[in-house]
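In what follows, every chain begins at residue 1, and chains take the letters A, B, ... in the order their sequences are listed.
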Amino acid sequence: MADYNHRETEQKWRKFWDENQTYRTENHSEKPKYYVLDMFPYPSGAGLHVGHPLGYIASDIVSRYKRLMGFNVLHPMGFDSFGLPAEQYAIQTGQHPAITTEANIATYIEQLKQIGFSYDWSREVRTSDPNYYKWTQWIFMELFRSWYNKDTNRAEPIETLYRKFATNGTTDVNAVCDEDVPQFTAAEWNALSKTESYELSLKYRLTYVANAVVNWCPALGTVLANDEVKDGVSERGGYPVEQKLMRQWMMRITAYADRLLTGLDSIDWTESLKEQQRNWIGKSVGASVKFPIAPPNGGAIEVFTTRVDTIYGVTFMVLAPEHELVPGLTTNEQREAVEAYIQAAKLRSERDRMADVKVVSGVFTGSYCLNPLNNEKVPIFLADYVLAGYGTGAVMAVPSGDQRDYGFAKHFNLPIIPILDAQKDVDNQADNTKEGQYINSGIINGMTYKEATATLITWLEERGLGKGKINFRMRDAVFSRQRYWGEPVPVYFKEGLPYLIDESDLPLELPVVDKYLPTETGEPPLGRAEDWKYKGASDGSRYDYELSTMPGWAGSSFYWYRYMDPQNPNQFASPEAINYWQNVDLYIGGTEHATGHLLYSRFWNKFLFDRGYVPQDEPFKKLINQGMIQGRSNFVYRLHFNIDITDIGNVRPDEVLSYQDLPLIFISKTVKDYVEGRYAPSPEELNYYLENIDSLPERIRHLHPTKSGLATYSYGTPLHVDVNIVENDELDTEAFQRLRPDLTDGAEFIKEPNGRYICGAEVEKMSKSKFNVVNPNVMVEKYGADVLRLYEMFLGPLEQAKPWNTNGIDGTFRFIRKFWRLFYKDNAAGESQWIVTDQQPTPAELKVLHKTIKKAQEDIANFSFNTSVSAFMMCVNELITLDCHKRAILQDLVLLLSPYAPHVCEELWAALGNEPGSVSRASYPVFNPAHLVEASFEYPIQINGKVRTTINFAIDRAANEIEQEVLADETVQKWLEGKTPKKVVVVPKRIVNVVT
RNA sequence: GCCGGGUUGGCGGAACGGUAGACGCGAUGGUCUCAAACACCAUUGUCUGCAAGGACAUGCCGGUUCGAGUCCGGCACCCGGUACCA
């Protein structure tokens, strides 16, 4: 039998690659480097489904292609192996998360290897490996040992700050730091004790401890970063999240806000992803303005506004209920109301607040402040639409220009002052236009938006009442997690101050604990560890370690460097390795990491860049987001009867058949549609259905609505059925009975007239509970890894979300077999015979080949793998038509196809007489346009836009000559019907259009 | 609301402004077979016609052009992200 045996062949080559370390990559080469990275997976217990490899296949194709193009390619894989699921499992079972993680990773590797990826497995990393997280901890320490100098616009070692303090105090320090830093002179600084100066420095370091309002998730027992909270619930598990003030490790990512923003312009990512990061960073350019508080109180309220030009329209001020000035501003008359409001606001969860955005609520404090421009008295309100965490927690309200302020003003009957002559209908709604000239606006009357803004900012700055200011939505990142399964923070506490442990004590390994739950006193799980104390301090004492661990994103924020030099015990990667590989040329992964991993990674990369550890400011030059593969669920329909008890008359309710009494009957899709009345069957089908329904068991039959009037058929209740026993929507009923005896005992299947049981289908998320998970290894076993790879690419554009549908895979399966038959053929005796010849290829054959080379190269450049696969299919079809079995053609075709289908290509490559296993070291075929050039071209001739005839012209004929001959042509003359053409358009090598 | 992306046969999807629907699936008919599976061949956007052919077709309305799925203006719907962010 000549057919290609994928099981044997693929097995053979995977073993070969493994044993010969075919894809081992060196850190030095004459060749140019190319770094292709996949987002490494979290090894979950469920294993890989068919959606996971999509991006990996694409990156593998690029890797293999780049190797053929003469690059030294780094293409590694590893595991982001710290994380919640393993810990949750540990809490339930008591098993150490390391054990579960280890087992899951083994499964993942096994599954990945089956698909024939060209990873250099010797470079594998795992974030939960102490030899790895040693460097996560080390980078944490480096961040702690650094501050951000706004003058040089980069992070610097903390020593440079100490030097500045010692020489000039705080005068020429321009740092990103805590808000409450004191000003001091060099003398004052030098007089401080070591502990005092250290304590001061903590306010400047890039990681710091702070009391911060954080997202606390009681169900998970930990805090979460903003990007881990979606719609007020935790991203993992969907548990409610509340706001809580807690002492936390923080990372000063806001120091990099501007660079994270501008850096986006230099990298090749999709616009939508960049936009997501821009929104997340949320830069707003505006001004801060101080509104003096009216007597008897003193002081001022500072607000941030993006529309300082609307300041003459301010008719009230709104503070967040949590604002620090609130108690002082509340008058005795208003105290009760204010306190009630604050209390109510506190009780409302984040979700409630989001839910009733439309409802206007607020309360008057009883106090006033003064508009700095015109000294008008402005009443001060509280409202929970103002967020304590953004800007200054206070808003100057301009009801004529802001819809929210407008609603508030209407509700509390506050004045509304129009401020621009272009504002329309201000009596009924706010108009936020910047057009026109200012009115009612004191010093800016008659000006335009631009002039007004500049004038006001200058005016305010001169009087110390305000200044231009840029605000970011992004907050500093919370870096503590009250969990066990994460990197321990390499810090101990001495007299309440955090100190780094000695670098030589890294890695600080996770301690053994008896349980993975918080302690009885509410401390994180590490509080359960015996003797969790630092003994390396210089004074010989034992100090308490930090009890929280690092967040999930810590380990993934530099891993692409560790791949460059994964075993290095002295550095996270050697400077030589980093200088050789630089940064990632192509990064492929899901878009769900837009505001998490991808932002944090850029942050850490920029930090490492500032400190001179890496040569590139951005980690990922080009990023492609593969679309999610959804599941396609299949359903069987259980026929189901509605029995309306009120219609039963004198039958006692206990005589009514219970649902359980009814026989199990599964109806096929079109039968269901018929029963539902959605489908009009043909006369033959109708007969079939009636016959079937009439042959139902006696007890059912008498419930038939047309016969008893008691019961009605309802549509079949859809039940998920395992998609693995369904093929082309046809259910393998025997397998179903075998797999689900509980459901199918004594069941009857009413099938289609053609004897098939057809399932319904729907697109849903791929998940175990929906029985729609397709395991890639089942596909590999049945069709082969090459077919799986080709099919996943063929499914549609890489970046698009699409449902997995096994139905079409036969097409690629057939393609591989056709491809094989270009090389082998059965002889009369049924033996497989090699039929490749050494004949010279014909121009037609060369044309087919070079057309395909061109297309394949263009497609890889555009990441348009689906159309490539189409091109290969067409190529093979055409070669079959030409009956071409020539080495000169097939050898190149094998190379073209090898990035997609490496196993079969390796086999054929060897069969063609090349060194076994050397396909990846060959050179990509060179496209020669000469083979595509035609001697003549058949021009379609359009008369008034309609193709009426065709004429052949030599390829190099001039347009005006063609024009003449076309007009002289008999058929054209006929179609022109004697009219004189006004215009003749000749598109070279395309078309001629004659217009009358 | 704002931002990003999309809308083409029964389905997944192709088309440098140049003969729309490549390639694949499915479907129908046929060959092979005792039969099935596999394989192979043919047909397959809709309507109309015996046929040659003709008419209509890329969400909707309009524009630019000899020519528009593609470019421009407006609208509808779908998907994703984000939001009392001042």
Side-chain angles (χ1 to χ4, degrees), chain A residues 1 3 230-231 270-280 282-284 286 303-308 310 318 320 353-354 356-361 383-387 389-398 401-405 407-408 471-474 591-592 594-595 625 627-628 728-729 761 790-791 794-797 799-812 814-815 817-818 821 855 858 864 866-877 880 938-947 950 981-996:
Chain A
M1 193 51 204
D3 268 350
K230 294 258 150 82
D231 300 325
T270 60
E271 205 42 50
S272 88
L273 198 81
K274 289 187 189 181
E275 207 49 39
Q276 278 184 56
Q277 291 211 344
R278 285 189 194 111
N279 288 339
W280 186 262
K283 180 176 182 172
S284 355
V303 299
F304 173 74
T305 176
T306 52
R307 289 294 301 273
V308 69
T310 63
V318 192
R353 276 178 71 159
M354 284 186 197
D356 40 50
V357 163
K358 298 265 141 53
V359 182
V360 177
S361 78
D384 64 2
Y385 81 77
V386 177
L387 306 176
Y390 184 75
T392 60
V395 174
M396 58 175 231
V398 184
D402 183 291
Q403 192 56 43
R404 228 178 17 207
D405 296 346
F408 197 87
N471 223 1
F472 292 95
R473 196 186 78 106
M474 185 170 69
T591 182
E592 67 272 17
T595 52
N625 294 119
M628 198 183 30
N728 288 343
D729 287 342
L790 282 163
Y791 185 58
F794 183 66
L795 225 42
E799 310 198 47
Q800 208 169 85
K802 48 205 169 268
W804 175 264
N805 185 350
T806 308
N807 292 358
I809 201 167
D810 289 338
T812 39
R814 266 173 223 150
F815 161 71
R817 292 204 303 202
K818 283 190 206 168
R821 282 195 218 112
K855 180 85 179 125
E858 284 169 0
S864 172
N866 56 329
T867 52
S868 266
V869 177
S870 293
F872 295 137
M873 288 178 172
M874 194 152 59
C875 175
V876 167
N877 285 342
I880 289 171
E938 193 176 79
Y939 278 73
I941 310 297
Q942 293 183 353
I943 315 290
N944 291 328
K946 292 259 180 322
V947 177
T950 58
K982 275 191 199 131
K983 205 184 237 181
V984 178
V985 181
V986 178
V987 181
K989 288 210 283 174
R990 282 290 174 206
I991 205 160
V992 177
N993 194 357
V994 183
V995 185
T996 60

Return the set of residues passing ring pair (Phe, Tyr, Trp, His ring centres under 6.0 Å) with Tyr791(A) (not counting sequence neighbours), or none when no residue passes.
Trp804(A)
Among the nucleotides rU19(B), rC23(B), rA83(B), which one has an atom lying closest to any side-chain atom of Pro940(A)?
rU19(B)
Round to the nearest Å and state the distance from Asn279(A) atom CG to rG1(B) atom C1'.
13 Å
Pairing residues for Ala871(A) by the side-chain contact (heavy atoms from CB on, under 4.5 Å) criterion, not counting sequence neighbours:
Lys855(A)
Between Arg404(A) and rC85(B), does any side-chain N or O lie under 4.0 Å from OP1 or OP2?
yes
Partners meeting salt bridge (Lys or Arg N to Asp or Glu O under 4.0 Å) with Lys283(A) (sequence neighbours left out):
Asp258(A)
4.5 Å side-chain heavy-atom contact, Asp384(A) and Ser361(A):
yes
Please state how far atom CD1 in Ile941(A) lies from atom P in rG18(B), giving the value in whole angstrom units.
17 Å
Pairs counted as Watson-Crick or G-U wobble with both distances under 3.5 Å: what dot-bracket string results for RNA chain B, using | for bases tied to another strand?
(((((((..(((.....[....)))((((((.......))))))((((....))))..(((((..]....))))))))))))....
Let me know, please, whether Thr591(A) or Ala801(A) comes out on the 5' side of the other along RNA chain B by nearest nucleotide.
Ala801(A)
Sorted by chain and number, sequence neighbours left out, side-chain contact (heavy atoms from CB on, under 4.5 Å) with Asn625(A) holds for Thr270(A), Leu273(A), Thr591(A), Leu623(A)
N or O in side chain of Ser284(A) less than 4.0 angstrom from rA86(B) OP1/OP2
yes
Would rG9(B) be called syn or anti here, given the cut-off of 90° from 0?
syn
Give me the distances for all protein-to-nucleotides 4-12 of chain B N/O pairs that come in under 3.5 Å?
from: rG12(B); atom 1: O2'; to: Leu795(A); atom 2: O; distance (Å): 2.6

Take the protein atom CE of Met628(A) and the nucleotide atom P of rC79(B), then report the distance between them rounded to whole Å.
13 Å
In chain order, what residues pass the ring pair (Phe, Tyr, Trp, His ring centres under 6.0 Å) check against Phe794(A), with sequence neighbours excluded?
none
Output the single nucleotide from rG18(B), rC23(B), rA14(B) whose closest atom is nearest the side chain of Asn877(A).
rC23(B)
Salt bridge (Lys or Arg N to Asp or Glu O under 4.0 Å) involving Glu858(A) - partner list, sequence neighbours excluded
Lys854(A)
From C-beta outward on Tyr385(A), which listed nucleotide comes closest to its side chain: rC85(B), rG81(B), rC84(B)?
rC84(B)
Counting any heavy atom closer than 4.0 Å, what does Asn866(A) reach on the DNA or RNA strands: base, sugar-phosphate only, or nothing?
sugar-phosphate
Here the distance between atom C1' of rC25(B) and atom CE of Met874(A), to the nearest Å, is 17 Å
Do Lys802(A) side-chain atoms and Gln800(A) backbone N/O form a donor-acceptor pair below 3.5 Å?
yes
Its contact letters, B for base, S for sugar-phosphate only and - for none at protein heavy atoms under 4.0 Å, make nucleotides 38-44 of chain B read SSS----
State which residues pass side chain to side chain donor-acceptor pair (under 3.5 Å) with Asn279(A); sequence neighbours excluded, sorted by chain then number.
none
For a quick test of reading the model: is some side-chain N or O of Asn471(A) closer than 4.0 Å to OP1 or OP2 of rC85(B)?
no
Report the distance from atom CD of Gln403(A) to atom P of rC2(B), rounded to the nearest whole Å.
13 Å
Pairing residues for Gln942(A) by the side-chain contact (heavy atoms from CB on, under 4.5 Å) criterion, not counting sequence neighbours
Val947(A), Ile991(A), Asn993(A)
Contacts of Thr306(A) that satisfy side-chain contact (heavy atoms from CB on, under 4.5 Å) - sequence neighbours left out:
Ser284(A), Phe304(A)
